[in-house]
Amino acid sequence: MHPKQISEWRKLPLTLADLCIETTLRCGQSFRWRKINDEWNCVLYGRLLSLKQDKSHLHYRVTSTITPGALTPGALTPPSSVQCESEIHEDDTETLLSHYFSLKHDLASLYDQWSKSDANFRKKAPKFTGIRILSQDPWEALIAFICSSNNNISRISQMVHKLCVYYGPLVGHVGDEAFHDFPTPQALSGKKVEAHLRELGFGYRAKYIAETARIVTKEKPEGWLESLINPDNPGWSAGEMTTAADLPTYRHAHEQLLLLSGVGPKVADCVCLMGLGWGEAVPVDTHVWQIAQRDYKFGKAKTKTFSKVMYDSVGDHFRKIWGEQAGWAQSVLFTANLKSFSEQASTKAEPVDIKVEVNEVEKVATVDEATPILRKRRRTTVVETVKIEEPMSTGMVRATRKKRKTRA
DNA sequence: CTCGCACCTGAGGA
DNA sequence: ATCCTCAGGTGCG
């Protein structure tokens, strides 16, 4: 056995504008990080990580580990290499973090790009720098966001924690607090899971989780979820070889996720964005819907629950504005809109910010008024009439929406 | 297809 | 304190 094996602190050169863990780890992407003595802790892929950061660096260390092979069934880990020595992991922990925080993207460039193409982003973003999309484990993201439905971040975090405690492997401790990894699909597909989760206060989500675990383990082939990962943003272990046949696309991944229980368009987009690496996925929830109405002149919904058409319309609009990483930009504005971060959100929510800012947003398919926008399948031309303004961001924004052929 | 509503729970405000 | 609203929605009729 390996007693404690607390490794030394290591560090990555990162400014707070490159990455702000204080914000990124609390803005409702992951619900698992716990702050203890000014350090953020979480188990990722079988290793207990601690993070802290200063002006110039992200400091990290691995407190303890368990054999990685047992945790990620889909990840092909050579059965022979189950080294316990933390030393083995040292080097690839940096790789793990680099992937987890999506460090291959230059955040300053992305913020610049979004600011150029969107006056509202330009106004809101400066107070919320360093927000990154986390590339999380797809399965964890799936279950966590099933828990998120009609729920608040505080309770979602509690629920995810319970899943880890009761169904995930114990990896180590920080002080007297135990840290478990996220449970595998198999662990959550037991017969009594639903009833137990009910007892634990999961409410109607207990059924969704149990059902989804059953579907993934029993009705889908091995590695099915991983096969939906964006090839341009491969998983950390690079264990998901997609057969050339099923050409994974964002649309396909989204569509597949909808087949699961408790997974609607919003949850599917969360998983696509934060678990499968599809940057164009824009989760439209109540907050984003509010943002769309307040800051982007989307019509007031006549119905309480906005329709699928409106859902897609909002997403398409943001994809048109922000481009390839629209979901990321959305996450920044989402965070700026969170009550928990309201103190940052400017001294006061001045309702006077109308100004000339949103001049180019223009009309945008007034979705309200029940205008049968898509009624007739009018070729593709109909829908939005967002004017193509200045030429600066041409290359990116032109997200070629080919064939809208909606089966007909 | 669209729409309306029930659904579990508990943290946080009035 | 007690009520009420709301929380990163989804499934079903």
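Order of the sequence lines sets the chain letters (A, B, ...), proteins ahead of strands, with each chain counted from 1.
Side-chain atoms of A/Asn41 and A/Trp33 form no donor-acceptor pair, as typed in the model, at a separation below 3.5 Å. Residues A/Asp316 and A/Tyr311 have side chains that never bring a donor and an acceptor to within less than 3.5 angstrom of each other. Side chain to side chain, A/Asp181 and A/Tyr45 fail the donor-acceptor criterion of an N or O pair below 3.5 Å.
Nucleotides of DNA chain C lying under 4.0 Å from heavy atoms of chain A occupy a range whose first and last members, 5' to 3', are C/dA7 to C/dG11.
Comparing the P positions of B/dG4 and C/dG8 gives a spacing of 24 Å, expressed to the nearest Å. Across C/dT5 and B/dC5, the matching P atoms stand 16 Å from one another, rounded to whole Å. When the P atom is used for both C/dG13 and B/dC8, the distance is 14 Å, rounded to whole Å.
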- Message: One pair to check against side chain to side chain contact (heavy atoms under 4.5 Å, CB included): A/Val263 and A/Ile146. What are the steps and the verdict?
- Response: CA-CA 6 Å; A/Val263 179; A/Ile146 285 177; 3.9 Å; yes

- Task: Quick one: do A/Leu97 and A/Leu51 satisfy side chain to side chain contact (heavy atoms under 4.5 Å, CB included)? Show the steps, please.
- Result: CA-CA 10 Å; A/Leu97 288 173; A/Leu51 304 179; 4.2 Å; yes

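Residue A/Phe145 is classed as having no contact, given no heavy-atom separation below 4.0 Å to the nucleic acid. Note on A/Leu197: nothing from the nucleic acid sits closer than 4.0 angstrom, heavy atoms only. Residue-level contact check: A/Gly262 touches the backbone only, with heavy atoms under 4.0 Å from sugar-phosphate atoms and none from bases. Looking at heavy-atom distances under 4.0 Å, A/Val263 makes contact with sugar-phosphate atoms alone, never a base. Residue contacts for A/Gln290: at a heavy-atom cut-off of 4.0 Å it reaches no nucleic acid atom on any strand shown.
DNA chain C is contacted by A/Ser148, A/Ser149, A/Asn150, A/Asn151, A/Asn152, A/Ile153 of residues 147-155 of chain A, taking any non-hydrogen atom closer than 4.0 Å. Within residues 203-220 of chain A, the residues that place at least one heavy atom under 4.0 Å from DNA chain B are, in residue-number order, A/Gly203, A/Tyr204, A/Arg205.
Aromatic ring centres of A/His105 and A/Trp328: separated by under 6.0 Å. Ring centroids of A/Tyr208 and A/Phe202 are separated by 6.0 Å or more, keeping the two rings apart. For an aromatic pair to be called close, the ring centres must be under 6.0 Å apart, and A/Phe145 with A/Phe31 satisfies this.
Rounded to whole Å, atom P of B/dG10 lies 12 Å from atom CZ of A/Arg198. A/Ile146 places its CD1 atom 16 Å from the P atom of B/dC8, with the value rounded to the nearest Å. For A/Glu199 and B/dC8, the CD to C1' distance is 14 Å, given to the nearest whole Å.
Side chains of A/Pro231 and A/Pro248 form a contact here, defined as non-hydrogen atoms less than 4.5 Å apart.
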Identify every side-chain donor-acceptor pair in residues 331-339 of chain A under 3.5 Å, counting partners at least two apart or on other chains, and give the distances.
residue, atom, partner, partner atom, Å
A/Thr335, OG1, A/Ser331, O, 2.8
A/Asn337, OD1, A/Arg294, NH1, 3.2
A/Asn337, OD1, A/Arg294, NH2, 3.2

Enumerate, atom names and distances included, each donor-acceptor pair closer than 3.5 Å involving a side-chain atom of residues 157-169 of chain A, sequence neighbours excluded.
residue, atom, partner, partner atom, Å
A/Ser157, OG, A/Ile153, O, 2.9
A/Lys162, NZ, A/Leu200, O, 2.8
A/Tyr167, OH, A/His196, ND1, 2.5

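Minimum interatomic distance between A/Gly130 and A/Thr24 (heavy atoms only, all atoms of both residues): O-OG1, 3.1 Å.
Taking the six-membered ring where the residue is Trp, A/Trp278 and A/Tyr250 present tilted rings, their angle falling between 30° and 60°.
A salt bridge links A/Asp295 with A/Lys124: at least one charged nitrogen is closer than 4.0 Å to a carboxylate oxygen.
A stem is defined here as three or more consecutive Watson-Crick or G-U pairs, each with both distances under 3.5 Å; for DNA chain C these stems are B:3-7 with C:9-13, B:9-14 with C:2-7.
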